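Reading through the structure tokens given below for one structure.
In this chain, residues are counted from 1 in sequence order. Everything numeric in this text was worked out from a predicted model, so none of it was measured. For the numbers below, each heavy atom of this structure counts, side chains included, while hydrogens, waters and symmetry mates do not.
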Amino acid sequence: MSSARARSRGAPQPVPGDEATAHAEAEHTTCAGAGMPLTARVLFAVVSADGLLVRGLGAAAASRLRTGMYQVVFDQDVTGASLVGTVGLAGSAGLAPAGQIAVAGRTGIPNAVFVTTFDGAGSAADRPFHLAVLS
């Protein structure tokens with residue numbers, strides 16, 4: 001099925017009014033100075049449920065601290081970075097176990113990220129994960 005046919009099945013997007021367009025344009029111009037510097041790097045890590053660093057870019061090490069708690073160390077300071085994590089398999093086959101993830105800078109270690117993973121019910125549980133760092 002072509003993408004045009006697939007798009008025609010749903011309701012089309014409503015046309016934005018003048019007020020919405022002006023508001024969006026104002027937001028766009030007020031962030032002109034924001035964004036990543038030219039020296040920015042995208043770092044990532046794929047970590048197994050037992051805390052092993054499977055692969056990554058700029059990732060130096062990973063470790064499991066206790067059930068559902070991990071530390072991922074990178075080769076540069078990530079204190080001002082944007083962090084994104086998702087539960088996901090460390091390999092390429094199968095489905096990731098149900099779960100949730102939270103990521104934060106690692107207290108006291110400027111080049112590390114603290115990751116916590118949970119099962120579907122919200123209890124601490126070991127889960128494999130993918131971590132992206134926009135630094």
Side-chain angles (χ1 to χ4, degrees):
M1 170 184 327
S2 75
S3 60
R5 282 183 57 202
R7 284 191 304 264
S8 68
R9 286 187 178 174
Q13 290 185 15
V15 176
D18 291 339
E19 184 178 335
T21 303
H23 179 70
E25 183 60 31
E27 291 298 323
H28 174 73
T29 57
T30 59
C31 339
M36 295 175 66
L38 296 175
T39 57
R41 286 179 69 193
V42 176
L43 312 171
F44 80 90
V46 176
V47 179
S48 66
D50 56 0
L52 296 175
L53 177 63
V54 176
R55 62 186 175 278
L57 177 64
S63 58
R64 179 182 171 275
L65 303 174
R66 67 175 79 137
T67 302
M69 292 185 180
Y70 303 87
Q71 171 179 291
V72 181
V73 178
F74 289 91
D75 64 1
Q76 69 181 61
D77 186 324
V78 296
T79 53
S82 176
L83 309 172
V84 180
T86 187
V87 172
L89 291 179
S92 60
L95 296 173
Q100 302 165 15
I101 188 169
V103 295
R106 181 74 164 113
T107 302
I109 307 175
N111 63 319
V113 176
F114 181 70
V115 177
T116 52
T117 58
F118 308 90
D119 62 19
S123 298
D126 293 335
R127 295 289 187 261
F129 61 90
H130 296 229
L131 175 65
V133 178
L134 309 172
S135 179

Legend entry - Residues which pass ring-ring contact (aromatic ring centres under 6.0 Å, His included) with Phe74, listed by chain and number, not counting sequence neighbours: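 Phe74 satisfies ring-ring contact (aromatic ring centres under 6.0 Å, His included) with no residue once adjacent residues are dropped.
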
Inset, instruction - Could you list who else is in Leu57's hydrophobic cluster, with ILVMFWY side chains joined at under 4.5 Å, directly or through other members? - result: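 Besides Leu57, the hydrophobic cluster comprises Phe44, Val46, Val54, listed by chain and residue number.
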
Legend entry - Criterion side-chain contact (heavy atoms from CB on, under 4.5 Å) against Leu83, the qualifying member of Val113, Leu134, Val115: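 Result for side-chain contact (heavy atoms from CB on, under 4.5 Å) with Leu83: Val113.
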
Inset, instruction - Give me the one residue out of Thr86, Thr116, Leu131 that meets side-chain contact (heavy atoms from CB on, under 4.5 Å) with Val103. - result: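 It is Leu131; the other options fail the test.
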
Just list the side-chain donor-acceptor pairs under 3.5 Å for residues 119-129, sequence neighbours left out, or say none.
from: Asp119; atom 1: OD1; to: Ala121; atom 2: N; distance (Å): 3.0
from: Asp119; atom 1: OD1; to: Gly122; atom 2: N; distance (Å): 3.0
from: Asp119; atom 1: OD1; to: Ser123; atom 2: N; distance (Å): 2.9
from: Asp126; atom 1: OD1; to: Arg64; atom 2: NE; distance (Å): 3.1
from: Asp126; atom 1: OD1; to: Gly68; atom 2: N; distance (Å): 2.7
from: Asp126; atom 1: OD1; to: Tyr70; atom 2: OH; distance (Å): 3.4
from: Asp126; atom 1: OD2; to: Arg64; atom 2: NE; distance (Å): 2.9
from: Asp126; atom 1: OD2; to: Arg64; atom 2: NH2; distance (Å): 3.3
from: Arg127; atom 1: NE; to: Ala98; atom 2: O; distance (Å): 2.8
from: Arg127; atom 1: NH2; to: Ala98; atom 2: O; distance (Å): 3.3

Inset, instruction - Search all heavy atoms of Ala45 against all heavy atoms of Leu53 and return the closest pair with its distance. - result: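 For Ala45 and Leu53, the tightest heavy-atom pair comes out as CB-CD1, 3.8 Å.
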
Inset, instruction - Work out which heavy atom in Asn111 is nearest to a heavy atom in Val78; give both atom names and the distance. - result: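 Taking every non-hydrogen atom into account, C-CG2, 3.9 Å.
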
Inset, instruction - Give every residue pair that meets the ring pair (Phe, Tyr, Trp, His ring centres under 6.0 Å) criterion with at least one member in residues 81-116, sequence neighbours excluded. - result: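 Counting only pairs at least two positions apart or across chains, no ring pair (Phe, Tyr, Trp, His ring centres under 6.0 Å) contact touches residues 81-116.
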
Inset, instruction - Could you list the residues that satisfy side chain to side chain contact (heavy atoms under 4.5 Å, CB included) with Ala96, not counting sequence neighbours? - result: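 Val87, Leu89.
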
What residues form a side chain to side chain donor-acceptor pair (under 3.5 Å) with [X], not counting sequence neighbours?
X	answer
Thr79	Asp77
Ser48	Asp50
Gln71	Arg106

